Amino acid sequence: MEQIAVKPLYQPVNQAIELLKKLSPEIPQAAFVLGSGVNVLESLPETKTISYQEVFGKSPGVVGHAGSLSLGRVGGKLVAVLRGRFHLYEGYDWDLVILAARTMIEWGVPKLYLTNAAGGLNTNFNVGDLMLIKGYRDHLSPKFKQTGLIPALAKEATNCQNQLTAHISKTAKALASNDNSFRSIQEGVYVGLLGPNYETMDEIEMLKKLKCDAVGMSTVPELLTASGTKTEAAAISVVTNVWKPDEAMGGHEEVLQAAKEASERLDKLFRACI
Ligand code: HPA
């Protein structure tokens, strides 16, 4: 494969890292990017918080996206919790959409946990399920795959990213067998569409034929950004609605409610993974 030149560093990445270094000279051992209404790892000991406006020069405009970056400890380990993200459907360019993930990567954070709210396509899924995107290659991005960060190196990253996915999968299985209140997680293929509209029923039928298990509007850019870097990345979808023929879809409020309930289980899972 022909080597493609790496894009020069987007200037705000450097600025963001300078600010973060002042906030904490210690590099976090993991970063968590939280999607719509996903509330986990709250009130951590020794928390320091900075707004996206301050660190990235913009705040996310979507309801359910707080737009704050917190550093705090879980079991003594420093982690970064990024509440909210920027989406292509908001009209932002690729550089801003991947800015938070890229800042973590360039800062040297070794593990990137991504989360999102998604619609379930797999008929075995229920509202409130957690779906681990099986592996780095288990996603489709018909409208996203336009500017991966370091395409020529992507192949090499496949294994390292799968290590984090495997760790989450194993941890979830252990939790499910030891804790009655922990419902086991699903694993599947995620498709990232541009949005912001939800899909038509015909599009849903098409995506099912493509063997997609969940559909959303984010996460793929960050997974692509992490490919070819030393940062391991994995992603979990909170299934906030399940697509069934002839059933009306809930609105954004319903999405936030389902995400809230699943957040409790996700919080347990993430703490166990750390
Ligand atoms: N489609 C796209 N994005 C979503 C959905 C959906 O059904 N649910 C939550 N985010």
Side-chain angles (χ1 to χ4, degrees), residues 32-40 60-67 82-92 94 97-98 100-101 113-134 138-146 183 185-224 234-267 269:
F32 296 81
V33 178
L34 309 186
S36 276
V38 179
N39 290 315
V40 296
V62 183
V63 180
H65 287 259
L82 293 95
R83 298 180 194 280
R85 56 157 64 87
F86 303 99
H87 303 86
L88 289 173
Y89 69 70
E90 293 176 84
Y92 295 130
W94 182 272
V97 168
I98 63 167
Y113 292 79
L114 305 166
T115 69
N116 58 54
L121 301 168
N122 187 318
T123 47
N124 294 325
F125 287 6
N126 294 300
V127 171
D129 275 356
L130 301 175
M131 186 199 86
L132 177 65
I133 299 183
K134 277 192 294 182
D138 290 309
H139 62 72
L140 274 80
S141 55
K143 289 204 179 152
F144 275 148
K145 209 163 278 169
Q146 39 199 3
R183 190 159 112 212
I185 66 168
Q186 310 278 8
E187 299 191 7
V189 174
Y190 175 86
V191 54
L193 299 183
L194 185 60
N197 305 60
Y198 275 11
E199 298 66 39
T200 65
M201 217 50 228
D202 292 312
E203 287 165 342
I204 292 297
E205 289 310 319
M206 173 188 76
L207 297 172
K208 283 182 175 177
K209 285 195 179 119
L210 294 175
K211 307 266 188 266
C212 298
D213 297 296
V215 54
M217 305 173 195
S218 66
T219 304
V220 174
E222 292 124 300
L223 282 174
L224 293 178
I236 293 194
S237 297
V238 175
V239 177
T240 51
N241 53 284
V242 178
W243 284 89
K244 300 207 171 104
D246 307 323
E247 270 183 32
M249 295 296 304
H252 199 69
E253 281 304 312
E254 207 167 311
V255 169
L256 295 186
Q257 184 56 29
K260 190 168 161 241
E261 286 159 13
S263 287
E264 249 174 63
R265 264 174 294 126
L266 193 54
D267 186 69
L269 176 58

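Predicted model only: the values in this text are computed from it and were never measured. Each ligand, and each atom within it, is numbered from 1 in the order the structure gives.
- Each of the atoms 2 (C), 3 (N) of ligand 1 lies under 4.0 Å from some heavy atom of G216.
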side-chain hydrogen bond (donor to acceptor under 3.5 Å, both in side chains) between N116 and T219, worked out: CA-CA 7 Å; N116 58 54; T219 304; 2.8 Å; yes

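- Taking any N or O of G119, backbone or side chain, at least one lies under 3.5 Å from an N or O belonging to ligand 1.
- Close approach of ligand 1 to W243 is summarised as follows: ligand atoms under 4.0 Å from at least one heavy atom of the residue are 6 (C), 7 (O).
- Listed by chain and residue number, nothing satisfies the salt bridge (charged side-chain N to carboxylate O under 4.0 Å, His left out) test with D213 (two or more places apart in sequence, or in another chain).
- Per-residue contacts place M217 under 4.0 angstrom from the following atoms of ligand 1 (heavy atoms of the residue considered): 2 (C), 3 (N).
- Contact annotation: for L193 versus ligand 1, there are no heavy atoms closer than 4.0 Å.
- Counting the atoms of ligand 1 from 1 in the order shown, those under 4.0 Å from a heavy atom of V215 are 1 (N), 2 (C), 3 (N), 4 (C), 5 (C), 6 (C).
- Here salt bridge (charged side-chain N to carboxylate O under 4.0 Å, His left out) pairs that include residues 185-201, with residues two or more places apart or in two chains, number zero.
- To the nearest 0.5 angstrom, I98 atom CD1 is 15.5 Å from Y92 atom OH.
- Of all atoms in ligand 1, listed by their number and element, those nearer than 4.0 Å to a heavy atom of T240 are 8 (N), 9 (C).
- For the atom pair CG of N122 and CD of Q186, the computed distance is 6.5 Å after rounding to the nearest 0.5 Å.
- Note that CG of L266 and CD of E261 are 13.5 Å apart. Values are rounded to the nearest 0.5 Å.
- Shown in contact with E199 at under 4.0 Å from a heavy atom are these atoms of ligand 1, numbered in order with element: 1 (N), 2 (C), 6 (C), 7 (O).
- The A117 neighbourhood of ligand 1 comprises atoms 9 (C), 10 (N), with distances under 4.0 Å to a heavy atom of that residue.
- With hydrogens and angles ignored, the 3.5 Å screen pairs a side-chain donor or acceptor of E90 with a backbone N or O of H87.
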